[in-house]
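Computed from a predicted structure; not experimentally measured. Both backbone and side-chain heavy atoms feed into the values below; hydrogens, waters and symmetry mates do not. Every chain is numbered from 1 and lettered A, B, ... according to where its sequence line falls, protein lines coming before strand lines.
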There are 2 protein chains.
Amino acid sequence: MSNSKLYKGSLSTIILKLLAENNKMYGYEITQKVKELTQGELNITEGALYPALHKLEAEGFLEVEMQRVDNRLRKYYKLTQAGTKEKVSRIEELERFIETIQGIVNPKPSLG
Amino acid sequence: MSNSKLYKGSLSTIILKLLAENNKMYGYEITQKVKELTQGELNITEGALYPALHKLEAEGFLEVEMQRVDNRLRKYYKLTQAGTKEKVSRIEELERFIETIQGIVNPKPSLG
DNA sequence: AAACATACATAATTTTCTTATGCATAAAAA
DNA sequence: TTTTTATGCATAAGAAAATTATGTATGTTT
């Protein structure tokens, strides 16, 4: 399903980012949104998603609101204030990480 | 020590990349090179590095040559032919992953 | 009737780290 | 001169975060 091992560690950052943009989302919706945004490249498995959501909630970054739609239960998540802060720092961390990796993969030739 | 959880999964790709550029390197040298290239951002721990090298060797991507220098033993690693191929595909995977992540973090606004 | 989509959840397992420890030599600092 | 730091390898225990496999339930499509 999911593409690479590289994905490891970035899931919670992705969740926080999507919730910051969409106010509230439910689990299944997140998997579909990620699939869409990545043109099918990244497929979040349920076994990864739900534990990640529960952890973020336990850490106080998300709050939950249940809603019944078409006789199906949805668990909507939205960022708390702490979650909004956390999102900022995790995105920064992710961008710094990407720069770091690119410093190895595409090293700038040393001046000398 | 090491910076982030995001790093997870990228170590073996980093090793293959460095060996492709430097012909042969020993473990300690790899940790120093990564520290240098990333300005101290990424510090590979020995507990991660050595098992990773052993695994790449077991998979047939690296070959070993022992050498004694200043009465200290060094284990030089270099890419095999299979390792050279593997490096290409792993770097491609890494670059695709970075693009994918950026598609989420910096989504292009949909035309509409 | 069977398969697929929607929607949640968890358990067992695997992968890949961190942390801690061990051995050994050599140089630098206290 | 003793201790710390650097060089160089290695492995074991534990943690984190996935994958894979299930399970439950409803609704739609084939």
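For A/Tyr50, the listed nucleotide lying nearest its side chain is C/dC8; candidates were C/dC17, C/dC8, C/dT15. When distances are taken from the side chain of A/Leu11 to each of D/dA17, D/dA18, C/dA9, the shortest belongs to D/dA18.
Separating the OH atom of A/Tyr7 from the C1' atom of D/dA17 is a distance of 9 Å, rounded to the nearest angstrom. Between the CG atom of B/Leu6 and the C1' atom of C/dC17 there is a distance of 13 Å, given to the nearest Å. In this structure, B/Arg68 places its CZ atom 10 Å from C1' of C/dT25, rounding to the nearest Å. Going from atom NZ of A/Lys5 over to atom C1' of D/dT20 covers 15 Å, rounded to whole Å. Taking atom CZ of residue B/Arg74 and atom C1' of nucleotide D/dA6, one finds them 13 Å apart after rounding to whole Å. Protein atom OH of A/Tyr77 is 11 Å distant from nucleotide atom C1' of C/dA7, rounded to whole Å. In this entry the distance linking CD of A/Glu29 with C1' of C/dA5 reads 15 Å, nearest Å. Distance CD (B/Glu65) to P (D/dC9): 13 Å, rounded to an integer number of Å.
Distances shorter than 4.0 Å separate none of the side-chain N or O atoms of A/Lys55 from OP1 or OP2 on D/dA16. Side-chain nitrogen and oxygen atoms of A/Lys8 include none within less than 4.0 Å of the OP1 or OP2 phosphate oxygen of D/dT19. For the OP1/OP2 pair of C/dT10 and a distance below 4.0 Å, the side-chain nitrogens and oxygens of A/His54 include at least one atom meeting the criterion.
In this structure, CD1 in B/Ile44 is found 6.0 Å from CG in B/Leu49, a value given to the nearest 0.5 Å.
Residue A/Pro51 is the one, among B/Ala52 and A/Pro51, whose nearest nucleotide of DNA chain C lies closer to the 5' end (criterion: closest heavy atom). If B/Tyr26 and B/Ala48 are placed on DNA chain D by their nearest nucleotide, the residue sitting closer to the 5' end is B/Tyr26.
Within the structure, ring-ring contact (aromatic ring centres under 6.0 Å, His included) pairs that include any residue of residues 47-75 of chain A do not occur (at least two apart or interchain). Each salt bridge (charged side-chain N to carboxylate O under 4.0 Å, His left out) pair with one or both residues in residues 56-73 of chain B, not counting sequence neighbours, appears once here: B/Lys24-B/Glu65, B/Lys55-B/Glu59. Evaluation of the side chain to side chain donor-acceptor pair (under 3.5 Å) test over residues 13-22 of chain A, restricted to residues two or more places apart or in two chains, returns A/Lys17-A/Glu21.
Under the 3.5 Å distance criterion, the side-chain polar atoms of A/Thr80 are matched with a main-chain donor or acceptor of A/Gly60.
Residue B/Lys75 is classed as a sugar-phosphate contact, given heavy-atom separations below 4.0 Å to backbone atoms only.
B/Arg90 is linked by a salt bridge (Lys or Arg N to Asp or Glu O under 4.0 Å) to B/Glu86, counting only residues two or more places apart in sequence or in another chain. For the ring-ring contact (aromatic ring centres under 6.0 Å, His included) test, no residue two or more places apart in sequence or in another chain qualifies with B/Tyr77.
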Inset, instruction - At under 4.0 Å between heavy atoms, which parts of nucleotides 21-30 of chain D does protein reach? Answer with one letter per nucleotide, 5' to 3': B base, S sugar-phosphate only, - none. - result: -----BS---
